[in-house]
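Below, each value reflects all heavy atoms present in this structure, side chains not excepted, and no hydrogens, waters or symmetry copies.
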Amino acid sequence: MTSQSQGIQQLLQAEKRAKDKLEEAKKRKGKRLKQAKEEAIAEIDHYRLQREKEFRNKQTNVMGSQGNLSAKIEEQTTETIRTLTSSYHKNMESTMKKLLSMICDINPEVHPNFRQAV
């Protein structure tokens with residue numbers, strides 16, 4: 001009977017060792033998963049920062065060219081205003097004289113479509 005109890009004791013000890021090994025394996029697996037998750041998060045953060053940097057560079061390139069465009073449009077607008085102002089001052093006097101002569105110099109005459117009643 002002692003050999004049977006020794007055999008049972010050995011089986012129980014083997015079972016306990018197997019159980020301990022399984023628990024240890026589960027712990028290692030959990031640690032590996034946690035470490036893999038942390039590495040993945042770090043890699044994702046690195047990728048996100050890289051893409052954001054590229055986006056900012058492209059954005060500044062586009063916005064910079066828009067800034068040049070707006071300065072160019074502003075310059076063209078200023079030049080057009082100068083041209084119109086000089087044309088106004090140049091032609092104002094003659095235009096006023098023509099308008100005043102048309103208003104003040106009236107030649108009364110009968111319209112050609114007017115029929116006299118007989």
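The structure places CD of Q9 at 11.5 Å from NZ of K16, a figure rounded to the nearest 0.5 Å. One finds the CG atom of L99 at 10.0 Å from the OG atom of S94 (value rounded to the nearest 0.5 Å). Rounded to the nearest 0.5 Å, atoms OG1 (T95) and CG (L100) are 11.0 Å apart. Note that the CG atom of L22 and the CD atom of E24 stand 11.0 Å from one another [nearest 0.5 Å]. Taking NZ from K37 and CD1 from I44, the interatomic distance works out to 10.5 Å, rounded to the nearest 0.5 Å.
Nearest heavy atoms, I81 versus T85: O-OG1, 2.7 Å.
Connectivity analysis of hydrophobic side chains (ILVMFWY, heavy atoms under 4.5 Å, direct or indirect) links I8 to L12. By the 4.5 Å side-chain criterion applied to Ile, Leu, Val, Met, Phe, Trp and Tyr, M96 is assigned to a cluster that also includes Y88, M92.
Annotation for Q50: atom CD counts as buried by contact number, over 12 foreign heavy atoms lying within 6.0 Å.
For residues 39-52, every residue pair satisfying the salt bridge (charged side-chain N to carboxylate O under 4.0 Å, His left out) rule, not counting sequence neighbours, is listed here: D45-R48, R51-E54, E52-R56. The list of salt bridge (charged side-chain N to carboxylate O under 4.0 Å, His left out) pairs with a residue in residues 74-87, not counting sequence neighbours, reads E79-R82.
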Per-pair distances, 0.1 Å, donor-acceptor, side chain in residues 27-34, under 3.5 Å, sequence neighbours excluded:
none

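Applying the salt bridge (Lys or Arg N to Asp or Glu O under 4.0 Å) criterion to E38, with sequence neighbours excluded, gives no partner residue.
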